Amino acid sequence: MADLDERLERYDPRQIEPRWQAHWESLGLHTTDLSDASKPRYYLLTMWPYPSGDLHIGHWYVQTPTDAIARYKRAKGFNVFYPIGFDAFGLPAENAAIKRGTHPREWTTKNMENMRRQLRSMGASFDWSKEVVTCDPAYFHWNQWIFLKFYEKGVAYRKQAPVDWCPSCQVTLAREQVEGIDRVCWRCFTPVTKRDLTQWFFKITDYADELLSFEGLNWPEPIRAMQTNWIGRSEGAEVDFTVAKSAEHAGGEKLRVFTTRPDTLHGATFMVLAPEHQLVERITSPAQRESVAAYIEATKRKSEIDRLSTSREKSGVATGAFAINPVNGEEIPIWIADYVLAGYGTGAIMAVPAHDERDYEFAQRFGLPIRTVVAPAELAARPDEVPLPYVEKISGAAVAVNSGSWSGAAWPASFEQAISAVERAGAGERATTYRLRDWLISRQRYWGTPIPIIHCATCGPVGVPVEELPVMLPDEVDFKQTGESPLKSASAWLNVPCPKCGGPGQRESDTMDTFVDSSWYWYRYLSPNFGGGPVDRNLVDAWCPVDQYTGGAEHAVMHLLYSRFFTKALRDLGLIAESEPFTRLFNQGQILGSDGERMSKSRGNVEDPDALVTRHGADAVRLFLMFMGPWDQGGPWSGSGISGIVRFLGRVWTLALDPHGKERGDPNAGTLPHGEDQAAGELVIRRAAHKAIAGVEADIEAFRFNTAVAKLMEFANALFPYRGSSVAGGAAWSEAIDYLLAALSPMAPHLSEEMHSRLQAERGISIGDPRWRSIHQRDWPTVDATLLTESTRELPIQVNGKLRDKLTIAANATEAEIEALALASDKVKIALEGRPVKRVIHAGGRLVNIVG
RNA sequence: GCCGAAGUGGCGAAAUGGCAGACGCAACCGACUCAAAAUCGGUCGACUGAAAGGUCAUGUGGGUUCGACUCCCACCUUCGGUACCA
């Protein structure tokens, strides 16, 4: 066996990978027979990509471990459905149209073609035959159909809402089109303001309480916490204050506030309205008109994040009006301030500065009175000594003071008595409110699903008849259209008769938020060409909910909440049976650029997978991404460790193809290590094989791909010293190689297939032979549990929590035997320094701690 | 700001409350080679010590525990989301 180095060809992924990708495709290996009920079904879904044109290593980071799950589950006997598609509508295509003059469809199509090629080069086992693309009329047709059903049921409705607006370009701006802390337009740098438009909403708030329940879902706790906080259910009361009569104003208007703390009503020393509040104009005194108007204008320049920030100094303006507190008849000043939002609660608050930090700051800033109405029990008699602001955790430890009929009551009695008092006075009632707002789906954009509505002067908004769907996007459009939506420029498309009365009508020119597209796409994957409705009920019943969904945590509160809402709403339309879309969710981390920032073309930090694949091969890139660290962590990109993976794959290649080769540089080559005999050597490699399979299996089940790869490396390292020895090539060796390739196959599908195929060829089975099998059609290896335990083990001995010795003991040693051995140790005696032993702790057989 | 997460060797990281640093990268030493590359074998947290060993060490400061990277409290830094990027 001399000069094997020259005989053994080198591992060259460029030669292997495209060949296997083509072969798998010709075998139809990844096309799922959705009607096959002979095996348990497993619907594996990964968040579909947006065809931005800059497919980067982050896409691979999302999808290669998911592909490994697909392949692993197939080996475990599941009928796996693993589809792919494109979330192809959206703002970047339209921005590109504005910048470069290319049509969004052309730009998107070109990007999708490139991304399909790149996704294929990854060797991912997607079922491409079920591809769904949102800008395809065969898909958005059903967005429109669902919209009309929602409209019929009142789930879709119209109301006024503010948008960020560039007064110079006369267009709506997305958040990413507003730049800098001074909030200017991305194109003309004009300061951005707000404008009210009548827009379409979906009533997600109707489902708020149901969305708070995660029963039966295996979702990460952080995501559930974020959704729960986002929905933000608060229980309290709505209370009417009354505008007081003044020299200039008759008064009498009801000013309704929402409060979670009706028990602090007596501490309300002023009121604050959102600057957008309807009554502001009416109640403002002539003296305050000018400053109120200026403040309202200034508020339009601010983002909600700025407005809610508690770190900046409070701002506000008095309206000059006063309100009467319903529980004590006091007149308190009415202010406006931007920290109160029009969209939350009633858009007005009663301010209780003694017990709310923001109100306290506001009162301090503007010299408004502060009155303590809750005190810790021990200070109940001396409320002046309560440190302010006193924001106690809700508990029975604090009592109401200076609070009329409920003075002296503790929570929750104070809360209940306050509500009763308000209700008796006819000044309000118990109420629950949510932070969650209805979903604004209108976009003043071209590249999205047209909203299937025709506006008629007589009939109002009328749904397009379903038989006329889909409402197509007109091609001839001015993308730099100012005013409202670009679709307003397509007059032939825009002006159509009213479907109800035949009179002149005008199509809705807004399109839908692209989150509508991604709120039900996994149902469509099951039947992308189905014409009888958005979903094929039979297939949905068989395959849904999705067993496993993988995607980024950045979608925690929008996409993942909208998808849950859609599922419930579709259920209520009778289209599907289930209430939740995704049984198990895993959020992988995000790969950042090497500068630690999000990868994007504009930052110039995009890592292109093509170059890496050309250099190292898809398998190496796949394994490297899985090996980098825990999948849910992500982090900045650095390719510096990939050579370790390339080396590992080379070792697998060598082990599989050249078991008898001897290393020239290794003086021990060809001899059994550690002076073992043949039987001992075989046992060592059998143990290593079964331990590796058991470990990799547990790791893949838990999505710990980094440690799964590490275990395979350890396994290959354990085999390597036996290469060229008398053990190599024998039965134990062949089993070990077989197991190594099988365990590697979900993660490095090409190399393992190549090795598997060559080993079959050595046995006279070549491709085309009916006995030939792809490694991806192979069952997962079985583990012999008796090989996982050894007869002796090492036991660490601590003295007072510090490691002092290690003993080799029999696996079945009793605690008494262990204790005797441990106390006999010289190192233990020295560490004890003659102190008596107080306690001996046996930590479940893993460690002994002697306390002395 | 608010909600959520992360912080461990020069670097990526590992560790059901029980031996901190598995597995890799880089670096260094050796073998092979005319030589280099590749490959194979080895060393590798810091300080101290000739060595055996000892001391310190998981963002910072406290706490719980026989024992804390892990649990609790406070803080610092970074990342994700914050409703029109997807």
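Letters go in sequence order (proteins before strands), and every chain restarts at 1. These numbers were taken from a predicted model, which means no experiment stands behind them.
- Taking atom C1' in both G62(B) and C25(B), one finds a spacing of 37 Å when rounded to whole Å.
- When the C1' atom of A22(B) is taken as reference, atom CE of Met713(A) falls 12 Å away, rounded to whole Å.
- When rounded to the nearest whole Å, the span between CG of Leu803(A) and C1' of A20(B) equals 11 Å.
- Note on Asp658(A) versus Arg723(A): salt bridge recorded, some NZ/NE/NH1/NH2 to OD/OE distance being below 4.0 Å.
- Across the C1' atoms, G21(B) and U58(B) are found 9 Å apart, a figure rounded to whole Å.
- Within the 4.0 Å cut-off from OP1 or OP2 of A22(B), not a single side-chain nitrogen or oxygen of Asn717(A) is found.
- In terms of polar N and O atoms assigned as donor or acceptor, the side chain of Arg647(A) never comes within less than 3.5 Å of the base of C25(B) in a complementary pairing.
- Between the C1' atom of C2(B) and the CD atom of Glu357(A) lies a distance of 13 Å, rounded to the nearest Å.
- Of the side-chain N and O atoms in Arg804(A), one or more sit less than 4.0 angstrom from OP1 or OP2 of G54(B).
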Grab the N/O contacts between the protein and nucleotides 68-78 of chain B below 3.5 Å, and write none if there aren't any.
none

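- Between Gln444(A) and Gln199(A), the side chains place a donor N or O and an acceptor N or O closer than 3.5 Å (distance only, hydrogens not considered).
- When the nucleotides G81(B), A86(B), G1(B) are ranked by their closest atom to the side chain of Thr514(A), A86(B) comes out on top.
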Pull out every protein N or O sitting under 3.5 Å from an N or O of nucleotides 4-14 of chain B, one pair per line with the distance.
unit_1 : atom_1 : unit_2    : atom_2 : d
G12(B) : O2'    : Met628(A) : O      : 2.5
A13(B) : OP1    : Gln633(A) : NE2    : 3.2
A14(B) : OP1    : Asn706(A) : ND2    : 2.7

